[in-house]
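See below for the structure under consideration.
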Amino acid sequence: MSKEITSRVVDYSQWYNDLIIKGGLADYSAVRGCMVIKPYGYAIWENMRDQLDKMFKETGHENAYFPLFVPKSLFEAEEKNAEGFAKECAIVTHYRLKADPENKGKLIVDPEAKLEEELVVRPTSEAIIWNTYKGWIQSYRDLPLLINQWANVVRWEMRTRLFLRTAEFLWQEGHTAHATKQEAVAETVQMLEVYATFAETFMAMPVIKGVKSANERFAGAEDTYCIEALMQDGKALQAGTSHFLGQNFAKAFDVKFTDKENKVDYVWATSWGVSTRLIGALVMAHSDDQGLILPPKLAPIQVVIVPIFKGEEQKQLIDEKVIIFQQQLKAAGVKVKYDDNDNNRPGWKFAEYEMKGVPVRIAIGVRDIANNVVEVARRDTKEKMSMSIDGLAENVISLLNDIQEAIYIKAKFFRDAHITNADNWEDFIQLLDVKTGFIAAHWDGTTATEDKIKELTKATIRCIPLNNAAEEGACILTGNLSSQRVLFARAY
RNA sequence: CGGGACGUAGCGCAGCCCGGUAGCGCACUAGGCUGGGGGUCUAGGGGUCGCAAGUUCGAAUCUUGUCGUCCCGACCA
């Protein structure tokens, strides 16, 4: 039919795009590299945002908002950060258009309206925020400063992909200031834990917590912690990062404080973020060839009710039953939709809600009413069962919990089955091509070796897992001494 | 920025080689029969063929230019 989805084995990329477009999450836009997030996709983002926001506030953070534009002189203050982002910045140079004298009805940039200083459209907000913090922090009494902002940022990527990498994207960025290094490191780790908990509990997506190698570190950070997830095609996806920034930004923006002993020192910083990329991760983590599979905890619609009827009389009978358990479900906090639209027939609706990944579907017709039951179908396994109308709400809620857990277990089983040890170069190369996934291998700890491996295989070090077991070994490439295995993978 | 593909109705496409006044499927509108896995019949509406020049009596079709999108790479969250 018109909404066929390309199968994963035929073309994984096309499958992913089909899910996004045909599932109604997003559309391409008139702007290169930028997408329109449609209501259904945005609803997922709202659910993610609301949950994360709650978790940020529970850990003591407050929201604020900083400007979209960063004066170039501020942007370049922290050298490494500026250098890291320089080649993907959009820059505002003028502030006015005027009528084109040679082309009626058209506009041109007014050359007279050139800005004294160019404005960088933020690719990240450290610069503007630290410039602001300078005025907010004088004493240890002003610390810690725990602020988050929900915003859009722009990174002029050469090649974009829906949700995974767009030129403009939505995210949150936390920026904190602390009196001591220990406290800042603790904050960095705490936020990584928040991200990991969110990914596993709400997205039902298992992640590996780790630290980035110097190569993959955020520009301007001392250490970058990350959560890494594995997609169904065996490629890794960085799902969130939490950076320990040391005193780099405090020094660049001259942010000092006086401690209890009246000594002056630079403050310690962290920043951490997750973006709409998480929606891409969510899609790829669970979905199948019939469409999206969304975890109940983030699904915009958790339960859809489809009436099966012939004529108004039957419809009314069904309505009477539905209204009762629909109310019970709503009262229990379940997001339920009763699709009694008469334009589409039941079969069409079944296919449509499967495409959209609604976790539970309830079908009810007069036949069911006679038996005091409904047909309940779960999206993840496509299993159908008959359930009594009595006590339906409790059973459906318990089913939603089962689904949440089942898709997590399935994803975790897949992920765990795709972490493989490699002890020599031949195995390493073969695993990358044949089995894919994470490869745990020894590495001599040098950037040169990491670069060489990337050049030869396109695999990068995704992370050095936290609480990694110490193990003596020989580097997969150079044979030099290594004290632990690190995780390699090809990544998005 | 390199390589490839493509711009024709809301969406997906055919027509182009060989120039002659635009078509198919889905969607849409009205009505009927239907209704437990993407139904069906009848009757309709909708297009400056991406844009701009050129060749020609005549251009969706040929030529040149231009803009844009997607896919694959290098870069990146």
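In what follows, chains carry the letters A, B, and so on, assigned in the order in which the sequence lines appear, proteins first and then strands, with residues in each chain numbered from 1.
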Query raised in the report: Atom CZ of A:Arg345 and atom P of B:G37: how far apart are they, to the nearest Å?
Result: 9 Å
Report task. Would you mind pulling out the nucleotide paired to B:C24, Watson-Crick or G-U wobble, both distances under 3.5 Å? Result -> B:G12
Report task. Identify the heavy atoms of A:Pro359 and A:Leu294 that sit nearest to each other, and give their distance. Result -> CG-O, 3.6 Å
Report summary line: Whether each nucleotide of nucleotides 71-77 of chain B has a protein heavy atom under 4.0 Å at its base (B), only at its sugar-phosphate (S) or at neither (-) is summarised, 5' to 3', as SBBBBBB
Report task. Could you tell me whether A:Gly240 contacts a base, only the sugar-phosphate backbone, or nothing, with contacts defined as non-hydrogen atoms closer than 4.0 Å? Result -> nothing
Report task. For nucleotides B:U29 and B:A9, find the distance between their C1' atoms and express it as a whole number of Å. Result -> 15 Å
Report task. Return the value, rounded to whole Å, for the distance between atom CH2 of A:Trp348 and atom P of B:G38. Result -> 13 Å
Report task. Answer yes or no: side-chain N or O of A:Glu354 and base N or O of B:G37 forming a donor-acceptor pair under 3.5 Å. Result -> yes
Query raised in the report: Rounded to whole angstroms, how far apart are CD1 on A:Ile369 and C1' on B:G36?
Result: 13 Å
Requested in this report: With heavy atoms under 4.0 Å as the rule, sort A:Asp368 into base, sugar-phosphate or nothing.
Outcome: base
Query raised in the report: When rounded to the nearest Å, what value does the distance between P atoms of B:A27 and B:C41 take?
Result: 12 Å
Query raised in the report: How about A:Ile91 and A:Val121: do any of their side-chain heavy atoms sit closer than 4.5 Å?
Result: no
Requested in this report: Take nucleotides 2-13 of chain B nucleotide by nucleotide from the 5' end and write B, S or -, depending on whether a protein heavy atom sits under 4.0 Å from the base, only from the sugar-phosphate, or from neither.
Outcome: ------------
Query - Whole-angstrom distance between B:C26 and B:C71, as gauged at atom P - result: 28 Å
Report task. Can you see which heavy atom on A:Ile5 is nearest to which on A:Asp289, and at what distance? Result -> CB-O, 3.7 Å
**Report entry** salt_bridge(A:Arg415, A:Glu228) N-O dist < 4.0 Å
**Finding:** no
Query raised in the report: Taking atom P in both B:G10 and B:G19, what distance in whole Å separates the two?
Result: 29 Å
Query raised in the report: To the nearest Å, how far apart are A:Arg379 CZ and B:G37 C1'?
Result: 13 Å
